[in-house]
Amino acid sequence: MSSKYELTHLQALESESIHIIREAVAESERPVLLFSGGKDSACVLHLAVKAFWPARLPFPIMHVDTGHNFPEVIEFRDRTVEQLGADLIVASVQELIDEGRVVEETGPRASRNRLQTEALVDAIDKYQFDAVFGGARRDEEKARAKERVFSFRDEFSQWDPKNQRPELWSLYNARHRRGEHMRVFPISNWTEMDVYQYILQEGIELPSIYFSHRRRVFERDGMLMAESPYLQLMDGETVFEADVRFRTVGDMTCTAAFESKAKTIEEIIEEVATTRITERGASRADDRVSEAAMEDRKREGYF
Amino acid sequence: MTTVANLQDMELVRLATTGSVDDGKSTLIGRLLYDSKQIFQDQLEAIEEASRRRGTDYLDLALLTDGLRAEREQGITIDVAYRYFSTPKRKFVLADTPGHIQYTRNMVTGASNADIVLILVDARHGILEQTRRHAFLASLLQVPHLVLCVNKMDLVGWSQERYEEIVAEFRHFASRLTIHDLRFVPISALLGDNVVEESENMPWYNGPSVLHLLEDIHVGSDRNLIDCRFPVQYVIRPHTLEYQDYRGYAGTIRGGVWKPGDQVIVLPSGFESTIESIDTYDGPLDEAVPPMSVVMRLSDDIDVSRGDMIARPNNRPHAGQDIDAMVCWMTETPALRPGMKLSVKHTTRWAKAIVKDLHYRLDINSLHRDEGAQELGLNEIGRISLRTTVPLFYDDYRRNRYTGAFILVDEATNNTVGAAMIVGPTE
């Protein structure tokens with residue numbers, strides 16, 4: 001930088017995110033941080049730790065567990081929580097199914113992805129959380145491009161895109177009635193590249209599935225799905241071994257891998273810099289349903 | 001394209017664009033994103049597919065910026081959409097705002113923290129009412145740099161005469177506003193002339209393309225580095241063995257250059273102290289400037305809480321309960337009227353307030369002041385006097401966009417219903 005008074009883009013983004021996190025905590029009664037184990041939530045968690053240092057994290061961490069997660073991600077989640085000495089809440093989709101409160105899809109394409117929303121909304125009600133941090137970014141998807149940093153949810157956790165609060169300067173309005181809450185997205189203005197650059201700069205740890213590894217996979221709808229007990233093979237699908245990695249972390253039934261040799265964050269950054277497919281397009285079967293798939297799920301309370 | 005190599009030397013620049021669909025704004029943005037390789041293959045395929053379904057016979061780059069289904073169905077943009085692109089030197093956060101008068105509140109929102117605003121006009125139609133409105137809003141929000149893109153130059157035969165006519169007309173209008181830095185570029189968004197690459201069709205224009213301009217406009221000195229302002233956001237008290245007696249004040253610096261050892265005053269208490277240390281997770285800082293998020297520790301054990309303002313004893317903000325401000329009203333009901341009670345959020349401080357007076361409503365097209373106005377409706381702008389229940393510690397908006405602004409919140413619905421730019425104490 002030409003002057004010591006100028007901030008790099010990562011410093012500016014970090015500073016904005018820390019401001020948002022502190023503001024949400026100052027203006028709410030019961031905040032919680034959603035942690036999927038993915039790179040975006042790892043980034044938000046790191047920012048939250050920085051925001052309150054040297055004090056401990058002033059809120060618990062919540063994981064929405066579909067029961068169909070990558071074991072590497074669960075291991076990473078537990079290790080991270082233990083290192084921080086943080087409180088972990090697990091919102092379990094399996095429990096909802098066992099209690100008969102939701103019905104699971106069946107068939108070879110069955111996924112618990114949609115049930116995540118139920119488990120999330122259920123846990124928000126149960127613990128009466130009124131500020132819920134998420135790692136969503138506006139560059140991910142076009143419905144997200146129009147969502148506020150402080151996104152108001154009514155008592156049914158629904159998002160109304162046409163009735164959002166104007167958000168000006170750095171003045172966030174977190175006011176809500178009992179039963180309503182705010183979803184807060186501290187890295188709204190970060191791109192996938194910013195996240196990786198920040199992970200490199202800060203030495204943030206990621207689950208091993210982000211890096212190239214040998215795995216048994218099969219091809220479905222042009223995407224490579226991991227072989228697992230949760231996905232049944234359909235006619236014509238065969239399992240083979242390949243060097244793959246994942247670009248996002250989600251349920252095993254809807255998160256696809258792709259062939260890659262990138263074994264370090266530096267190599268991932270080079271790969272992201274030259275890729276021509278968005279991360280959701282490349283690896284999320286759940287966004288392929290319709291042109292407005294994300295918009296519809298967000299309205300229902302998805303994060 | 002950003003890589004590992006330029007990790008450390010990119011600058012963040014906030015940009016707002018406005019203009020109507022007819023001005024080719026979406027095409028310009030689509031091209032900036034496309035040419036800086038921020039449009040991905042699957043997004044492109046989705047647009048191709050959507051264009052085909054809608055019976056458009058060309059690739060409609062405008063579809064990239066129309067996010068919500070309701071917008072696509074109606075062919076309009078309802079809300080502010082955020083886009084991201086970067087060049088080797090800069091990362092841009094682009095707030096794309098719709099141009100129609102109904103969406104004044106969206107432009108105000110998008111421009112509120114923009115470094116640069118980009119306004120488009122159609123070279124065939126020249127300066128329209130809406131162009132004047134956009135320029136006025138950019139000036140009201142004190143966006144430091146305004147770039148007027150004269151688009152569709154291909155449709156006026158690349159005419160230098162037409163371009164200069166528009167430039168002259170705009171300059172004449174802009175002389176009535178406060179615009180610190182004004183630039184003009186003749187372009188064809190559709191054909192790409194002067195968007196990224198310099199145009200071969202307009203040899204008479206020697207200036208930079210839009211992208212080169214965006215890369216070069218100096219924005220670092222737009223911050224206020226003179227008046228030290230630190231609104232206290234959160235008090236950090238670890239209660240751990242290692243940091244038993246630690247008491248730090250977390251916040252974002254909104255003005256000035258801060259150093260350990262500096263004399264400070266805490267408002268409203270008026271207690272003075274010195275800065276013991278400026279802490280961050282990465283270690284203490286020798287110096288801190290806006291907009292860094294830091295934790296300040298003071299040498300004396302004084303009572304400081306969220307909503308307080310730390311400043312310098314010899315350079316304090318205004319402190320007061322009677323404030324004049326320009327307000328943009330953002331809701332249909334209720335209308336803003338004298339006597340109305342609202343909540344105010346200014347920096348990290350909340351107060352209740354009563355509207356004492358509506359001085360005038362401003363016609364944002366003609367700049368005429370209607371002093372007989374009884375109320376402000378949705379998207380209307382006017383000057384009000386306000387009395388707050390507790391003092392605010394503020395600067396004039398012209399001097400500081402962060403300590404000079406506040407939002408108005410309806411206590412019945414909790415909605416944000418107004419955006420205010422402080423003019424000064426009520427006289």
Side-chain angles (χ1 to χ4, degrees), chain A residues 1 3-16 18-19 22-23 25-26 49-56 138-139 142-143 145-146 161-162 164-171 173 175-177 188-189 191 193-194 197 200-201 266 269-270 273 275-278 281-282 291-292 295, chain B residues 1-4 7-12 40-43 46 50 67-70 78-84 91 93 105 108-109 112-113 220 225 233-234 236-240 242-243 246 250 252 257 280-281 287 289 291-293 306 330 345 348 401-402 405-407 409 414-416 419:
Chain A
M1 292 272 94
S3 148
K4 61 178 176 173
Y5 292 149
E6 283 173 29
L7 279 66
T8 67
H9 75 294
L10 291 180
Q11 284 178 306
L13 289 171
E14 178 190 70
S15 180
E16 178 182 72
I18 288 177
H19 177 81
R22 287 172 175 167
E23 202 61 15
V25 170
V49 168
K50 284 186 129 177
F52 299 101
W53 181 90
R56 286 205 189 97
R138 285 170 173 158
D139 81 321
K142 51 193 175 181
K146 300 200 170 176
K162 279 194 191 164
Q164 303 194 77
R165 294 176 180 174
E167 210 158 64
L168 300 102
W169 301 289
S170 305
L171 293 171
N173 173 9
R175 292 217 161 164
H176 57 273
R177 296 194 194 97
S188 286
N189 285 328
T191 60
M193 179 60 87
D194 298 328
Q197 287 184 333
L200 177 66
Q201 175 184 291
E266 286 92 334
I269 288 175
E270 293 302 332
T275 189
R276 302 297 303 134
I277 307 272
T278 63
E291 206 182 338
E295 189 180 339
Chain B
M1 198 47 79
T2 57
T3 57
V4 179
L7 185 66
Q8 295 301 333
D9 54 9
M10 274 171 75
E11 187 181 13
L12 185 75
F40 294 95
Q41 196 62 42
D42 53 326
Q43 290 174 317
L68 305 172
R69 179 157 47 200
I78 292 171
D79 214 306
V80 184
Y82 291 88
R83 312 281 158 200
Y84 303 85
K91 174 205 158 85
V93 176
R105 75 169 204 170
V108 168
T109 300
S112 68
N113 52 14
L225 294 173
Q233 198 181 9
Y234 193 87
I236 293 190
R237 304 206 59 183
H239 303 294
T240 58
E242 196 183 348
Y243 294 98
Y246 190 98
T252 306
V257 178
T280 71
Y281 174 90
E287 252 175 343
V289 294
M292 290 181 182
S293 286
R306 174 173 165 85
M330 299 177 145
K345 187 178 186 186
T348 55
R401 290 166 87 189
Y402 293 92
F406 59 86
I407 54 170
V409 173
N414 289 326
N415 280 332
T416 304

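Numbered from 1 within each chain, the chains take letters A, B, ... in sequence-line order.
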Candidate pair Met292(B) and Leu7(A), rule side-chain contact (heavy atoms from CB on, under 4.5 Å), full reasoning: CA-CA 8 Å; Met292(B) 290 181 182; Leu7(A) 279 66; 4.0 Å; yes
Toward chain A, the part of Ile236(B) with a non-hydrogen atom under 4.5 Å: side chain
Part of Tyr246(B) within contact of chain A (heavy atom distance under 4.5 Å): side chain
His9(A) and Glu11(B), any side-chain heavy atoms less than 4.5 Å apart: no
Between CG on residue Leu12(B) and CD on residue Glu14(A), distance to nearest 0.5 Å: 13.0 Å
Exercise: identify the closest heavy-atom pair between Glu287(B) and Tyr5(A): OE2-OH, 3.1 Å
side-chain hydrogen bond (donor to acceptor under 3.5 Å, both in side chains) partners for Asn189(A), two or more places apart: Glu16(A), Arg138(A), Tyr84(B)
Among Phe406(B), Tyr243(B), Tyr402(B), residue most engaged with chain A (heavy-atom pairs, under 4.5 Å): Tyr243(B)
Heavy-atom proximity to chain A below 4.5 Å, by part of Val108(B): both
Nearest-0.5 Å distance, OG1 of residue Thr416(B) to CD of residue Gln164(A): 11.5 Å
Part of Thr240(B) lying under 4.5 Å from any heavy atom of chain A: side chain
Chain A contact via Lys91(B) - side chain, backbone, both or neither, heavy atoms under 4.5 Å: side chain
Between CD1 on residue Ile407(B) and CG on residue Asn173(A), distance to nearest 0.5 Å: 5.0 Å
Residues forming a side-chain hydrogen bond (donor to acceptor under 3.5 Å, both in side chains) with Ser293(B), sequence neighbours excluded: Ser15(A), Thr252(B)
Heavy-atom pair with the smallest gap, counting every atom of Val49(A) and Tyr281(B): CG1-CE1, 3.9 Å
Which of Ala12(A), Ala55(A), Ser188(A), Ala51(A) touches chain B most, by non-hydrogen pairs under 4.5 Å: Ala55(A)
Rounded distance (nearest 0.5 Å) linking atom CZ of Arg401(B) with atom CG of Leu168(A): 11.0 Å
Interface residue of largest heavy-atom contact number with chain B, from Ala145(A), Pro54(A), Pro166(A), Ser170(A), under 4.5 Å: Pro54(A)
Candidate pair Arg165(A) and Asn414(B), rule side-chain contact (heavy atoms from CB on, under 4.5 Å), full reasoning: CA-CA 9 Å; Arg165(A) 294 176 180 174; Asn414(B) 289 326; 3.4 Å; yes
Side chains of Glu23(A) and Tyr234(B), donor plus acceptor under 3.5 Å: no
CZ-CZ distance between Arg22(A) and Arg306(B), expressed to the nearest 0.5 angstrom: 11.5 Å
Spacing of CD belonging to Gln233(B) relative to CD1 belonging to Ile18(A), to within rounding of 0.5 Å: 10.0 Å
